[in-house]
Amino acid sequence: MTATLLEGKVFAAEIKKNVQEEVKKLKRSQGITPGLAVIIVGENAASKVYVANKHKACEELGIYSEVIRMPASVTKQELLAQIDILNNSTAIHGILLQLPLPDDLKHDETELLKAIHPDKDVDGFHPVNVGKLAIGEEHLVPCTPAGCIKILELANIEIAGKHAVIIGRSNIVGKPMANLLLSRHATVTICHSRTANLSSITSQADILIVAIGKAHFVTKDMVKPGAVVIDVGINRLADKKLVGDVNFDDIKEVAGAITPVPGGVGLLTIAMLLSNTVTAAQLQCNKDR
Ligand SMILES: Nc1nc(=O)c2c([nH]1)NC[C@@H]1CN(c3ccc(C(=O)N[C@@H](CCC(=O)O)C(=O)O)cc3)C=[N+]21
């Protein structure tokens with residue numbers, strides 16, 4: 001058996017086409033151009049690709065995009081002031097504070113994310129949006145897990161009744177992923193660094209979502225034959241090669257379907273960010289009336 005390749009660009013193109021339609025509608029009926037602001041603190045090699053890709057995608061779809069760079073020495077107060085300006089800007093409908101923050105600001109992360117107005121929170125990290133997702137009110141949903149769901153849905157992979165196993169319990173991927181799968185009636189198991197007998201659990205998964213940040217972590221013996229494997233990892237090896245958390249070559253004979261890295265979930269993350277930006281713009285112009 002050879003796994004079906006779940007190509008990110010195919011699904012991302014479909015989402016972007018819909019987003020583009022919505023952008024046109026907003027312009028035509030309301031005279032509004034959706035705007036996205038990204039705040040980047042300090043230098044981070046890994047995030048550079050992300051920022052460049054985001055910017056390019058915004059241009060493609062007619063979304064206004066602004067990148068605000070701040071030095072790693074910036075204070076919490078200065079960042080809060082910047083967020084406040086963006087919260088009050090009528091040209092900006094979505095605000096993204098790029099993570100991870102430099103070490104000196106790490107303990108302020110929650111406070112800074114809370115400062116972003118929930119209606120402009122295109123990352124879905126504000127406690128209000130986290131809470132909404134937890135009660136099944138999906139509005140601005142974190143982009144990466146939302147992208148994973150889109151892959152499953154657009155590939156016509158059944159979720160209801162399936163055993164979905166998530167490796168990773170982060171606020172950015174693991175936890176919101178669990179809520180999204182639960183709302184779609186999967187049986188959900190979350191595994192993490194303290195999980196005992198990890199492979200005995202992962203090998204029960206019909207759908208295996210891997211978000212741990214360790215290159216090539218998941219091997220053949222951890223995967224049930226025919227399982228759908230979604231690889232959220234983006235790891236840069238010493239030779240600059242980009243690889244996922246899944247050992248792709250090892251798995252491809254046993255899995256039923258698998259996302260590649262690069263060219264998988266990452267492209268959906270961007271597509272969902274654009275989608276959230278348009279959702280945020282629609283929400284805000286409806287509130288204005
Ligand atoms: N507040 C916040 N929200 C985020 O969503 C967020 C963040 N901070 N910080 C950084 C991570 C990383 N991330 C990526 C998204 C897309 C690609 C992507 O487009 N990847 C492509 C291209 C990769 C390449 O060619 O290097 C691919 O996987 O094929 C990568 C990385 C979002 N993140």
Side-chain angles (χ1 to χ4, degrees), residues 5-13 15-16 36-61 65 67-70 79 82-83 86 94-102 105-106 108-116 118 120-126 129-130 140-151 168 170-177 210-213 215 230-237 239-246 248 258-277 280:
L5 195 62
L6 300 170
E7 282 196 89
K9 67 167 185 253
V10 177
F11 305 122
I15 295 163
K16 283 182 181 174
L36 171 68
V38 177
I39 307 172
I40 302 163
V41 186
E43 287 289 320
N44 184 332
S47 66
K48 276 201 178 127
V49 199
Y50 181 39
V51 176
N53 287 352
K54 269 184 300 207
H55 198 74
K56 203 175 75 195
C58 282
E59 263 180 11
E60 235 173 77
L61 301 193
S65 123
V67 179
I68 295 147
R69 290 175 198 279
M70 311 204 95
L79 267 173
Q82 181 56 250
I83 290 169
L86 297 169
I95 305 169
L96 183 151
L97 175 63
Q98 180 122 333
L99 304 177
L101 291 169
L105 285 162
K106 279 232 161 76
D108 299 319
E109 185 180 299
T110 312
E111 186 182 345
L112 289 163
L113 291 175
K114 267 194 224 170
I116 296 172
K120 296 195 177 188
D121 170 36
V122 284
D123 255 330
F125 294 164
H126 190 287
N129 290 322
V130 175
L140 292 170
V141 174
C143 302
T144 300
C148 295
I149 291 289
K150 283 286 181 192
I151 293 176
S170 70
N171 292 333
I172 296 175
V173 182
K175 287 183 206 166
M177 191 76 240
V210 192
I212 36 174
I230 308 285
D231 189 351
V232 180
I234 296 181
N235 307 290
R236 185 84 56 186
L237 297 182
D239 62 3
K240 295 271 160 76
K241 206 180 143 199
L242 207 63
V243 299
D245 292 347
V246 170
F248 188 91
I258 182 169
T259 60
V261 177
V265 173
L267 303 181
L268 273 293
T269 298
I270 303 228
M272 294 317 294
L273 176 65
L274 304 172
S275 172
N276 278 350
T277 303

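Because the structure is a prediction, the values reported are computed rather than measured. Counting starts at 1 for both ligands and their atoms, following the listed order. Worth knowing before you read on, the calculation uses all heavy atoms, side chains too, and leaves out hydrogens, waters and symmetry mates.
When atom types are taken as modelled, the side chain of Asp123 and the backbone of Pro142 share no donor-acceptor pair closer than 3.5 angstrom.
Contacts with ligand 1 closer than 4.0 Å are made by no heavy atom of Val265, backbone or side chain. Neither the backbone nor the side chain of Lys9 comes within 4.0 Å of ligand 1, counting heavy atoms alone.
Backbone and side-chain nitrogen or oxygen atoms of Pro262 are examined, and none is located within less than 3.5 angstrom of a nitrogen or oxygen of ligand 1. Geometrically, ligand 1 and Asp123 share a nitrogen or oxygen pair separated by less than 3.5 Å. Remark: ligand 1 and Leu267 share no N or O pair separated by less than 3.5 Å (distance only, no angle test).
Applying the 4.0 Å criterion to heavy atoms of Leu99 picks out, from ligand 1, the atoms 1 (N), 2 (C), 7 (C), 8 (N), 9 (N), 10 (C). Listed by atom number, the atoms of ligand 1 under 4.0 Å from Leu242 heavy atoms are 23 (C), 24 (C), 26 (O). Heavy-atom contacts of Ile270 reach the following atoms of ligand 1: 16 (C), 19 (O) (cutoff under 4.0 Å). Ligand-side atoms of ligand 1 in range of Gln98: 1 (N), 8 (N), 9 (N), range being under 4.0 angstrom from any heavy atom. Of all the atoms in ligand 1, the ones that sit under 4.0 Å from a non-hydrogen atom of Gly263 are 27 (C), 28 (O), 29 (O). Below 4.0 Å from some heavy atom of Arg236 lie the following atoms of ligand 1, by number and element: 26 (O). Applying the 4.0 Å criterion to heavy atoms of Gly266 picks out, from ligand 1, the atoms 16 (C), 17 (C), 18 (C), 19 (O), 20 (N), 28 (O).
Nearest to atom 19 (O) of ligand 1 by heavy-atom distance, out of Val38, Ile234, Asn53, is Asn53.
The CG atom of Leu140 sits 12.0 Å away from the CZ atom of Phe125 when rounded to the nearest 0.5 Å. To the nearest 0.5 angstrom, Leu112 atom CG is 12.0 Å from Gln82 atom CD.
The minimum heavy-atom distance linking Ile212 with Asp245 is given by the pair N-OD2, 2.8 Å. What you find for Leu268 and Gly8 is that their closest heavy atoms are CD2-O, 3.5 Å. Considering all non-hydrogen atoms of both residues, Val122 and Gly94 come closest at CG1-CA, 3.7 Å.
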Do Thr144 and Val265 pass the side-chain contact (heavy atoms from CB on, under 4.5 Å) test, and can you show the C-alpha distance, the side-chain angles, and the key distance before you say yes or no? CA-CA 7 Å; Thr144 300; Val265 173; 3.8 Å; yes

As a quick check of understanding, evaluate side-chain contact (heavy atoms from CB on, under 4.5 Å) for Gln98 and Ile39, giving each step before the final call. CA-CA 6 Å; Gln98 180 122 333; Ile39 307 172; over 6 Å; no

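Of the options Val261, Thr259, Ile258, a side-chain contact (heavy atoms from CB on, under 4.5 Å) to Phe248 is made by Ile258 and by none of the others.
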